[in-house]
Structure formats: structure tokens, C-alpha cells
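All remarks here apply to the structure that follows.
Lettering of chains follows the sequences in order, A, B, ..., and the numbering in each one begins at 1.
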There are 2 protein chains.
Amino acid sequence: MNQAARVQRGKPTIRDVARAAGVSAATVSRVINHEAGASPSIRTRVHAVAAELGYQPSAIARALATGRTRTIEVIVTESCTGWLGAHPHYGRVLAGAMSALEGTDTQLRIHSLTPDRAAAAIDALAADATVGALLANVTPELATRYYLRCRRVISLVPTAPAVPALEVDNVAAVRIAVAHLHRLGRRRIAAIHGPVGNSCAAQRRDGYRSAIAHFGLPELSAEGGFNREGGHDAARELLRRHPEIDAMFVACDLMAAGAVQAITAGGRRVPEDVAVVGFDDSIAAICANPPLTTMRLPVEQMAADATRILMDGDPEFGFRRFYPVDLVLRESAPDFSPARLSRGAGSGAESDSQRSATAPPSRESTP
Amino acid sequence: MNQAARVQRGKPTIRDVARAAGVSAATVSRVINHEAGASPSIRTRVHAVAAELGYQPSAIARALATGRTRTIEVIVTESCTGWLGAHPHYGRVLAGAMSALEGTDTQLRIHSLTPDRAAAAIDALAADATVGALLANVTPELATRYYLRCRRVISLVPTAPAVPALEVDNVAAVRIAVAHLHRLGRRRIAAIHGPVGNSCAAQRRDGYRSAIAHFGLPELSAEGGFNREGGHDAARELLRRHPEIDAMFVACDLMAAGAVQAITAGGRRVPEDVAVVGFDDSIAAICANPPLTTMRLPVEQMAADATRILMDGDPEFGFRRFYPVDLVLRESAPDFSPARLSRGAGSGAESDSQRSATAPPSRESTP
DNA sequence: TCTTCACCTGAAACCGCTTTCGCTTCTAGC
DNA sequence: GCTAGAAGCGAAAGCGGTTTCAGGTGAAGA
């Protein structure tokens, strides 16, 4: 098929350009790739011929010769139906990574690893000479496996200690959220956690418990899937069991949107009767009604930084970097001062967000 | 760097395996790639050696030799910040495409083409020997350009006549939406359109106008960006100018979520005072409060079908295929019969959706 | 005027895999 | 027992680039 491949595509190769320009392939390569190394007259001639022939260098051949593909892999160990379409978080990850790639010739490839084929897929991926991999949601075992084979990898969720990662301090973030509700005078602050087993969910639950303990309040917890239904059902159940609840912290905006629906459907008002704070600041937060006060995760920023670190390296970066989390005030739990509450505007993440003074500082750590 | 590339990576090649197994590279290749063409004893030996050495075939070298990369390109002519993170639609496209790729060794690559570099990028992409390209949101000019260079491409939005596309009949879909509001007894049905210039937005506007004319109702239109703010501001303005409005059709769920916020913030109830029908059935529809009645677009299905057509071909497929659109009933505009309205449940797209009898049939066309 | 050195340039050797082509060996049929 | 035919296998020629290495030219310095 070698022959066939060439014939069927019929695209001009570097040797065609060389022949037409009366130079060698080596010279064409130099003209195209390097600033120096060829005389001006030849440069212009080669460029002219290449343009005339419509020559496009083959990314594949180039990759084979240089030993580097211009791709960054985004990996999730989950069946694709569960995340990309269902959770706004991953769109933000991709958008952040792409923004760092703008103007580069590097591409983004996305991989959904089903459990049964995950290990083999990880091995195959690590064998590709890629720029690196972004682990958007990969189990610690598989993250370690990839790291051992390839190194060039950064996780965007809490992971095994050996694997480089960009993280947020979930515990501190939830403390800020609960402290905000407490400052509003709420004393029956419930929490809806994500599924146990998910490391982020676990950290956020720990944050809630520590905050509740700190304020001497009763723990009122429920658990649900990281989706609207999870939040909706958990909130309804919580209110049924504990009608005295006057505030809720919900571990993700998608769940929080569902919780708000359950609360208002039950005849209570948000935020007057029950104040709600979400987590993420995703699209779900601004689509909810009322719009959600939430902890903003700098997901795009993290993905962009991770991408840049993979591409260019970063002497400042050790194995861990923590990002600050902002409390974004909207109507589901507006600030104490009524003056700050612009009922009906609904959002404007820029204008009404405030960087919490108690957010953990961005810090580095190297094991 | 040829030398360097090999040394630095130090991964076993097919020749290493061949040497260790005492056979030729050709034989190893045959064992790995084809069912027949090698004796059983050699097969097992080669597999054993490959496993022992941790041999992983190089996708790049393979692509160069065969003339085919195992990638499908997803292309949008827009800066990435504007779509991936901001609009749930694109996550659904990716999820649909990925689901068709599950179990395959084909990958998804995503490309955000900024206007200034779009033409050059299209040329470079078309030169790659990919399986094909999914045009998620590409201008007709660039779509045509790609098609002329590469053929293997399918658009997921209305595009130039020469380019293959999977589409929904937006006009018919909006007629269904407006007819539903009319059936509920609403006679002041306003519309919030997407930005003019967008072909989908234009088609949906046409659908609204034709439906309104059909029922002999007054046209009450506003326009906004395809985002929450666009819907919110347009709805507020519409209600200010036309307080008599008792229903709204909104061209996308994200906008509709904003519209619902504006309506309730203005002191009116949804759906009692103003019924709302959105478009897409994206996450925004189920996060809104109340959840949105909306026109469900089979986006995942379309993306999956397009992917399969690119991979395997489809003798049934000509140049155009139209997909049916479903009316999904939720609380923002529940069905006429009160019995169908389960206040508080909020959704369950599966259970309470109904395939509209007036939806256009799926049809094929070849120019 | 002769050397030295810098700078271009082309030939050739890869990068790692696939596939063709031809040789050898084995099986089956007469 | 001999001949066809099939099947297994290896050598070698690509796929389309990049990079090394060596040769050739011209300018600068002695």
C-alpha cells in the first residue's frame, strides 16, 4: 500500500518542491523550518515554488523524523458519555488548554478510557512521543502508570504523590463557603456531597465537617451523584428529614441547581428561607434561578498553565501547585449587606465576585 | 536529532522484537497486524517477546507507512474561549463523536480556528491524512475550502450546498415549539432570536415568523447573543416594551435560562404568567428553575453518525440527512393537561418527553 | 598571494513501520 | 514419486520528512 498511499493522495512532497526549485530536499527543509541556513535568493525561490505547488509538509513524516508529535493528550478514565456531554467542567478544561495552544501548531487530542482497556490504552498513549498529557480525571493508579512510562504529564485532580498536579485546596475552599453562610446568620447549614470514592468529593466533605465543627453546628449531610438529579433528590430528602435547614453547601453547581429546584418546588424561597452555595462556578451556576453563589475554581487557568508547563517547561514548577479559589456572590446566597444584592441582574461574575481574604495562597511544593 | 530521538526514548522497535524473536521485522509486523500470514509457533513467540520487551508500535511510523492517521478532526472557526467552555452544545458534539470511537483506536483532535489563520489552518488540516473532519461550526466558505481539498468531511450545521451535512429542520422545529405554546392558549408569543448572521439563528427566526403568521398573532421579537446574558437582557427588554406577553420562544436553552431569570425577577411566574420554550435540550434546560420545556436536538446522535460515516462510509448517505426534533415537556411550559404536570420533579427527559407527531420525518437528499 | 574560516549546499542516512516480491518449504493430487 | 500450488518467511524498498557530514565557494586576514 506504500505505493497506493502515495498515488491516491498525489500531494506534492518535499522532493517535488526541491526538484521544481532546483535545490535539494535538505535545502527546502531548512528554508521551511529554520531562520538561517539558506541564502536569501534560494529562500524566496523555494517559498515561491512551494506556494505554487500548494505544498503542505506532512505532520506525520515530520513527527517521525523529529521524534515529537505536536499533540497534547487530554485523558479521562471514564466512558465518554458520562463526562464530556454531561458536565460543564470538562468543556472548561478543554477551553483552557486550547487557549494556551492558540497560535501554536500543537493540537489537543482527547481520550476516554473505559476501565477494561484503560491500562493498555495508557501504555499505548505513553509510547506516543507527545508533548504531554493532561489528566482531567484519571485514577491515581493509572496516573502513576502513565507517569512511570512517560513523565510528561500533569494531573488536574488530586492524585498519587508521585504524579505532578495542579490542584485547588478543596478543604479550605469549602471552609470559605460555609463561613460565608455562617456570616449570613445561618445556623442549620446542610451539605450535599458528591459520590464517596471521588477524591474531590471526599476533600470537600472533609472541608464541610471541619467548618461545621469549628462553628459548633450540627452536621446535616446527604450524598448524591455529580449531576442535577443527585442534587435535587438529596436536597428534597434533606428538607424532609430536617425542615429546620436554613442553608446548604452543595459540592458542585450542577447538583446545586437541582437542589435549588427541589427547595423552591417545596415551597421555600432561595435565599430567604434557604441560602445555597455551590461549587465550580460553571454554566450551571448562572443558569440556576436564582443564580448561584459559588466557589469559583480557576479551571481554565489551571488547564492553560498545565498545557504551557508541558510545552515549555517551568523552572518554578515542582510537583504540586495550588490555586486560590474565589467566592463569587450571586443571589442564592448574597452578601450580608443588602446594598450588594442586585436582585434580577443575575450574575456578572467579574463585578460581584470578591477574592476571599481567607483563600489559601497559591503555593508550590516539591516532595 | 534522528540519532538523539532514538537514544533519548530508548523504546524497543519492531526490529528489536524481530531480533529477539529470531525473525524478521516483516514477520513481526504480520503477527501484530494480520490474522493470517504467520505460523502459530512464531505467532506465540513473537507475542511473548513483544510483551516481554514492552513493545508498543509507533502510531506515527505506522501512519507514515500506511498513509492514514487514526484521527478524526473536530473543527470550529471561532476562538476557543467562545465555545468549548461557554456552550454545552460542543461538549455534546464531542461526547457523541467519542461514543462512536469507543473500542476503536481512532482518536479525536479538536481545532479552534481563529479567523486570521483559518484558511491556512484549513489547508494544513486537509493535507493531513486523517479519517475525516467534523465541522462543528465552520463558515460555509471554509467548509467548502476543506471539502475541495479533502472530501472526507461532514458539517453539523447548515452549510454550503456542496458540503455534506447532517442537519435538523430548524424551521419545522420552531413551528412545533410555537404550536405548543399556542395550544396552551397563549396568544402573545414573543421570541428571542440568536445573533443575525448565524445560520441556525436565522432559520429559527424564520420558523417563528412563519408560525406566528400561520396563527395570525403579532410578532414580538428581540435578539441577543447565544448566552445567558443575551437571553436575560432581551427578555427584560421585551417585557418592558410588551407587558402583555404570555409566552416566549427562546432560540437556545442558555438564553432561555437567562430569560426565565429575567421573567421571575420581574415578578412574573413561569409558566403561569409567561410560558417559556427553549431550544437544544442542553444542561441549561435542566438547570433552569423551573426546568425548561425545549426542543431536543439529537446532537450526540448526529455527531456519532457523522463519525461513523467518516470511518466506515455509509451507502445510504448522500449529501444531506435531516434529523427529527423532539418536544421535551418540562415545567416552563408543561402540557395542556394538568395531569401531565409533575411540579417539582423537574425533568426526566426520558419519561416526560414525547416525540411530536408533527416533527419532520428523517429524510435523505442528494443534490 | 596563500591560508583560514564561515557559510551554503547536497548526498545520504536515518525515524519505525508496512508491503511487495521472490525464494524456500510443505502439502496435496495424479 | 513427481509436479503444482499454497503458505511462510526475509530482504528491501518505500512513506515524507530532518539532520549529519563532507565538499565547495567566497571573503577576510597574514
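The side-chain heavy atoms of A:Val157 and A:Leu135, taken from C-beta on, include no pair separated by under 4.5 Å. By the 4.5 Å heavy-atom criterion applied to side chains, B:Phe317 and B:Asp305 are not counted as neighbours. Between A:Ile72 and A:Met311 there is a side-chain heavy-atom pair separated by less than 4.5 Å.
Between B:Leu53 atom CG and C:dG16 atom C1' there is a gap of 15 Å when expressed in whole angstrom units. We find that CD of A:Gln56 is positioned 14 Å from C1' of D:dG16, with the value rounded to whole Å. Going from atom CG of B:Leu64 over to atom P of D:dT18 covers 12 Å, rounded to whole Å. Whole-Å rounding puts the A:Asp128 CG to C:dG16 P distance at 13 Å.
Nearest-nucleotide mapping onto DNA chain C: of B:Ser29 and A:Arg30, the residue sitting toward the 5' end is A:Arg30. Taking for each of A:Ala26 and B:Ile32 the nucleotide of DNA chain C with the nearest heavy atom, the 5'-most of the two is the partner of A:Ala26.
A salt bridge does not link B:Asp314 to B:Arg308: none of the charged nitrogens lies less than 4.0 Å from a carboxylate oxygen. The existence of a salt bridge linking A:Lys11 and A:Asp16 is excluded, since no basic side-chain nitrogen approaches an acidic carboxylate oxygen closer than 4.0 Å. A salt bridge is absent between A:Asp105 and A:Arg62: the closest approach of a Lys/Arg side-chain nitrogen to an acidic carboxylate oxygen does not fall below 4.0 angstrom.
For D:dG17, the base has a donor-acceptor partner in the side chain of A:Arg15 [N/O atoms by modelled type, under 3.5 angstrom]. With hydrogens and angles ignored, no donor-acceptor pair under 3.5 angstrom links the side chain of B:Arg43 to the base of D:dG8.
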With the criterion being N/O to N/O and under 3.5 Å, what pairs connect the protein with nucleotides 23-25 of chain D, and how long is each?
none

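The nucleotide whose nearest atom lies closest to any side-chain atom of B:Ile42 is, among C:dT9, D:dT18, D:dC9, D:dC9. Comparing atom distances between the B:Ala61 side chain and each of C:dC17, C:dT9, D:dG16 picks out C:dC17 as nearest. For B:Arg62, the listed nucleotide lying nearest its side chain is C:dT18; candidates were C:dC15, D:dT19, C:dT18. Among the nucleotides D:dG16, C:dG16, C:dT19, the one closest to any side-chain atom of A:Thr13 is D:dG16.
Side-chain N/O atoms of B:His34 include none lying less than 4.0 angstrom from OP1 or OP2 on C:dT18. Between B:Asn33 and C:dT18 there is a side-chain polar atom (N or O) within less than 4.0 angstrom of OP1 or OP2. Taking only side-chain nitrogens and oxygens, A:Ser39 comes nearer than 4.0 Å to OP1 or OP2 of C:dT9.
Summarising the geometry, atom OH belonging to A:Tyr55 is positioned 11.0 Å from atom NE2 belonging to A:His47; distances are rounded to the nearest 0.5 Å. Distance check, rounded to the nearest 0.5 Å: CG of B:Leu134 to CG of B:Leu94 gives 9.0 Å.
In this structure, B:Arg151 satisfies the cation-pi test against B:Tyr147, with its NZ or CZ atom closer than 6.0 Å to the six-membered ring centre and inside 45 degrees of the ring normal.
Taking a 4.0 Å limit (strictly below) on heavy-atom distances, residues 17-25 of chain A reaches DNA chain C at A:Gly22, A:Val23, A:Ser24.
Annotation: ring-ring contact (aromatic ring centres under 6.0 Å, His included) contacts of B:Tyr146 (sequence neighbours excluded): none.
The residue A:Ala63 sits apart from the nucleic acid: no heavy atom pair falls under 4.0 Å.
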